[in-house]
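Here's the structure we're looking at; comments come further down.
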Amino acid sequence: MPSAQELIDKAISLHGGELYDYSDISLSFRNKNYRSQREGGKFHYERSFEEEGAQYVDLMNSDSFERKINGEVVAVPDTMVRKYRNSINSVWYFALLPYKLNDAAVHKKYLGLSEIEGKSYHKVEVTFQEEGGGEDHQDIFVYFIDTQSGTMDHLAYSYETDGGGLRFRKGYNFREVNGMRFADYVNFKGDPKKDVRDIDKAYFNQELDTLSLIELENIELRSLLPQ
């Protein structure tokens with residue numbers, strides 16, 4: 001059997017490879033517009049939306065955050081900066097999977113084979129060390145990688161914030177945009193007392209409740225790869 005590292009390396013290569021580090025991407029998600037610009041180790045994120053007749057623009061990079069309302073920079077308390085940064089990071093983390101699965105704080109473990117709706121998948125567990133693993137370093141993820149194509153099609157995770165929870169995201173509408181693979185997901189809710197590593201069994205036994213749809217729209221991508 002392949003190692004967890006080999007599976008993740010191949011999936012990253014198939015889904016976008018070098019474009020993850022050198023691209024300008026824009027998309028819409030839940031009535032907000034997002035833009036990601038990455039060039040080597042530098043990144044810049046932008047989020048814009050309208051709320052109660054006002055135009056909001058959030059700008060962030062690795063060490064700064066700025067909010068504009070109707071073009072004017074406004075003061076934002078540190079607690080809200082953390083909340084807004086986490087929200088923007090979360091959108092890009094999931095939209096660009098499996099890009100971040102080789103970060104230094106990531107631990108990967110091969111869990112064996114699984115079957116979802118007649119297709120065979122490798123199961124890979126991802127956990128995070130506390131140092132460098134972010135505020136939610138205690139979360140546990142499970143990724144389902146197609147044994148034939150090598151692509152990552154589905155994922156599950158358990159979390160402890162806000163009382164804890166269990167989620168399974170079943171991928172669909174897989175498409176490629178200028179060399180990068182994107183997916184939408186049906187988001188299922190499971191019993192937080194159950195083990196996320198057994199989420200495929202819970203799905204097969206119809207023990208999960210449909211919670212929402214995760215749909216990315218208006219995706220555009222421009223390569224910033226060095227010529």
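Note: hydrogens, waters and symmetry copies are ignored here, and every other heavy atom, side chains too, is used.
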> What about H122 and Y110, are their ring centers closer than 6.0 Å?
Replying inline: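 H122 vs Y110: aromatic centres under 6.0 Å.
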Are [Y] and [X] linked, directly or through intermediate hydrophobic residues, by side-chain heavy-atom contacts shorter than 4.5 Å (ILVMFWY only)?
| X | Y | value |
| --- | --- | --- |
| M60 | V81 | yes |
| V196 | L211 | no |
| W92 | F94 | yes |
| L208 | F204 | no |
| I145 | Y93 | yes |

[X] and [Y] ion-paired at < 4.0 Å:
| X | Y | result |
| --- | --- | --- |
| D146 | K10 | no |
| R181 | D153 | yes |
| R38 | D21 | no |

So do the side chains of [X] and [Y] get within less than 4.5 Å of each other, counting heavy atoms only?
| X | Y | result |
| --- | --- | --- |
| V126 | Y157 | no |
| R30 | S212 | yes |
| N61 | K42 | no |
| Y20 | M180 | yes |
| S26 | N33 | no |
| Q5 | N102 | yes |
| L213 | Y172 | yes |
| K109 | H107 | no |

> Where does the angle between the aromatic ring planes of F144 and Y121 fall among parallel (under 30°), tilted (30 to 60°) and perpendicular (over 60°)?
Replying inline: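 Ring orientation of F144 relative to Y121: perpendicular.
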> Angle class for the Y143/F141 ring planes (parallel below 30°, perpendicular above 60°, tilted otherwise)?
Replying inline: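 Answer is parallel, since the angle falls under 30°.
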Give the minimum heavy-atom separation between [X] and [Y], together with the two atoms involved.
| X | Y | result |
| --- | --- | --- |
| R47 | F49 | NE-CE2, 4.0 Å |
| P226 | Y22 | CD-CD2, 3.8 Å |
| D139 | F128 | O-CD1, 3.8 Å |
| R167 | N187 | CD-OD1, 3.8 Å |
| A95 | L27 | CB-CD2, 4.4 Å |
| S149 | T151 | OG-OG1, 2.8 Å |

[Y] backbone acceptor or donor facing [X] side chain under 3.5 Å:
| X | Y | answer |
| --- | --- | --- |
| N178 | L221 | yes |
| K119 | Q148 | no |
| S23 | I25 | no |
| S114 | K123 | no |
| H15 | M152 | yes |

Please determine whether the number of non-hydrogen atoms from other residues, nucleotides or ligands lying under 6.0 Å from atom [atom1] of [X] exceeds 12.
| X | atom1 | answer |
| --- | --- | --- |
| N70 | CG | yes |
| E18 | CD | no |
| E207 | CD | yes |
| K194 | NZ | no |

[atom1]/[X] to [atom2]/[Y] distance, rounded to the nearest 0.5 angstrom?
| X | Y | atom1 | atom2 | result |
| --- | --- | --- | --- | --- |
| F168 | L155 | CZ | CG | 8.0 Å |
| L14 | I12 | CG | CD1 | 10.5 Å |
| K170 | F188 | NZ | CZ | 7.0 Å |
| E6 | K108 | CD | NZ | 12.0 Å |
| S158 | D191 | OG | CG | 12.0 Å |
| N205 | D200 | CG | CG | 10.0 Å |

>> Using the rule given for salt bridge (charged side-chain N to carboxylate O under 4.0 Å, His left out), can you reason through D184 versus R175, listing the C-alpha separation, both sets of side-chain angles and the distance that settles it, and then say yes or no?
In response: CA-CA 9 Å; D184 296 329; R175 68 271 197 203; 3.2 Å; yes
